[in-house]
Amino acid sequence: MNILLYLGVIGIALTAYRLKKLTKLGACASIVVGIAICYGFGLSGLLLLAAFFISSSALSSIFSSKDMDQMTLKGNQRDEVQVLANGGVAAAIAVLYAIDPSDIYQVMFIASLAAANSDTWASEIGKLSKSLPFHVLSFKRVSTGTSGAVTLLGTLAAFAGSTLIASGTVLFSWSSIEWQFPLICAIIVAGFVGNLTDTVLGATIQVSYKCDICDQTTEKLIHCGQNTVHKDGLTWVTNDTVNALCTVMGAITGAGFAYMIL
């Protein structure tokens, strides 16, 4: 059974690469992440990973815009760093679960993916808001796509994205089935906490640059054909760094809830 799952992971990664959803190294990284998750959680884990990847990739493709591409460092094709930033924590937890099976690790695994999905849905759907977003700290209106910006639509999308993954708890056999609904609610919250962490870190320490030609804030080192100028944040804290910390916080919050509920 595991061999078939591993072959399925490879097939999905190669298909995503051919569809230009992943770079070559991104496909390699996704195979590593997928196999680790299959090793720990089997088909249930793979289905949750697929739910995250398919839904987030679909939203990125459907709602992509040239204006956003000018602001972000990377396009819709995920590279190896993006894959590991979003799925690396889940893969590590899956390996830990294989070594020491525990309901706590199951909750942490689902919560980490819920956080990744929550953040992706908030970003992709939130930019469709007709009103300008608010900065999470200053509460002032800022341009769409600004790190640390929030909208009502994006917030609702964040909860929806987290709920999609949290509902995947039904794929796992808990030791006490009566805790199923409380755990789903807890994981929804944990996923949103991860997304909120991403937003706050994006507003405070994530690096941003300014283009002297068009006066636009961007994540890119080169814009309008020339080098950009460092504006805010720490140069080593990229969007990928923040995304990874988002999943870490989701997992930690999920563990806290699990200790209280299970």
Side-chain angles (χ1 to χ4, degrees), residues 5 8-9 12 16 30 33-34 36-38 40-63 83 86-94 96-97 101-126 128 152-199 243 246-262:
L5 289 179
V9 168
I12 292 171
S30 70
V33 168
I37 288 175
C38 286
F41 294 110
L43 180 60
S44 297
L46 182 60
L47 289 175
L48 277 189
L49 179 64
F52 160 66
F53 179 73
I54 292 173
S55 66
S56 60
S57 295
L59 289 178
S60 296
S61 297
I62 294 170
F63 301 127
V83 170
N86 286 287
V89 171
I93 294 170
L96 290 175
Y97 178 81
S102 166
D103 284 350
I104 302 297
Y105 285 140
Q106 286 186 342
V107 175
M108 291 176 68
F109 168 74
I110 302 171
S112 69
L113 287 180
N117 210 47
S118 178
D119 176 52
T120 301
W121 282 39
S123 299
E124 298 299 336
I125 297 177
L128 301 178
L152 176 59
L153 180 61
T155 300
L156 294 176
F159 274 109
S162 185
T163 300
L164 174 68
I165 302 300
S167 62
T169 55
V170 299
L171 297 171
F172 295 86
S173 298
W174 301 102
S175 56
S176 301
I177 195 66
E178 64 268 21
W179 296 120
Q180 192 78 48
F181 181 71
L183 274 174
I184 291 175
C185 295
I187 292 171
I188 291 172
V189 174
F192 183 77
V193 169
N195 166 70
L196 185 59
T197 300
D198 183 286
T199 303
N243 285 343
C246 162
T247 62
V248 170
M249 183 54 69
I252 292 174
T253 306
F257 281 127
Y259 275 112
M260 292 187 289
I261 295 174
L262 294 177

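The shown structure was predicted, so the numbers you read here are calculated from the model rather than taken from an experiment. Only heavy atoms go into these numbers, but all of them, side chains included; no hydrogens, no water, no symmetry mates.
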Legend entry - Heavy-atom pair of closest approach, residues Gly194 and Ala115: CA-CB, 4.0 Å

Legend entry - Donor-acceptor contact below 3.5 Å, side chain Ser56 vs main chain Phe53: yes

Inset, instruction - Compare every heavy atom of Ile110 with every heavy atom of Ala166, then report the nearest pair and how far apart it is. - result: CA-CG2, 4.2 Å

Inset, instruction - Can you measure from CG (Leu196) to OG1 (Thr253) and round to the nearest 0.5 angstrom? - result: 10.0 Å

Legend entry - Check: Phe257 and Ile187 side chains under 4.5 Å, non-hydrogen atoms: no

Legend entry - Validation row, ring centre Phe109 to ring centre Phe41 under 6.0 Å: yes

Inset, instruction - With rounding to the nearest 0.5 Å, note down the distance linking CG in Asn243 to OG in Ser123. - result: 7.5 Å

Legend entry - Test item: Ser162 side-chain N/O and Phe159 main-chain N/O as donor-acceptor pair under 3.5 Å: no

Inset, instruction - Mind listing the closest non-hydrogen atom pair of Thr247 and Asn86 along with its distance? - result: CG2-O, 3.7 Å

Inset, instruction - Drop me the distance from Asp198's CG to Thr120's OG1, to the nearest 0.5 angstrom. - result: 8.5 Å

Inset, instruction - Calculate, to the nearest 0.5 Å, the distance between atoms CG and CE belonging to Leu183 and Met260 respectively. - result: 10.5 Å

Legend entry - Inter-residue atom distance Leu47.CG - Ile165.CD1, 0.5 Å rounding: 10.5 Å

Inset, instruction - Quick one: closest heavy-atom pair of Gly254 and Ala111, and the distance? - result: CA-CB, 4.0 Å

Inset, instruction - Kindly indicate whether the side chain of Val248, heavy atoms from C-beta on, has any atom under 4.5 Å from the side chain of Ile252. - result: yes

Legend entry - CD1 on Ile54 to CG on Leu59, rounded to 0.5 Å: 12.0 Å

Legend entry - Nearest non-hydrogen partners of Ala51 and Leu164, listed with the distance: O-CD2, 4.3 Å

Legend entry - Selection residues 109-119 - residue pairs positive for side-chain hydrogen bond (donor to acceptor under 3.5 Å, both in side chains), sequence neighbours left out: Ser55-Asn117, Asn117-Trp121

Legend entry - Beyond-backbone contact of Val9 with Leu5, side-chain heavy atoms, under 4.5 angstrom: no

Legend entry - Minimum heavy-atom distance Leu46-Ile37, with the two atoms named: N-CG2, 3.9 Å

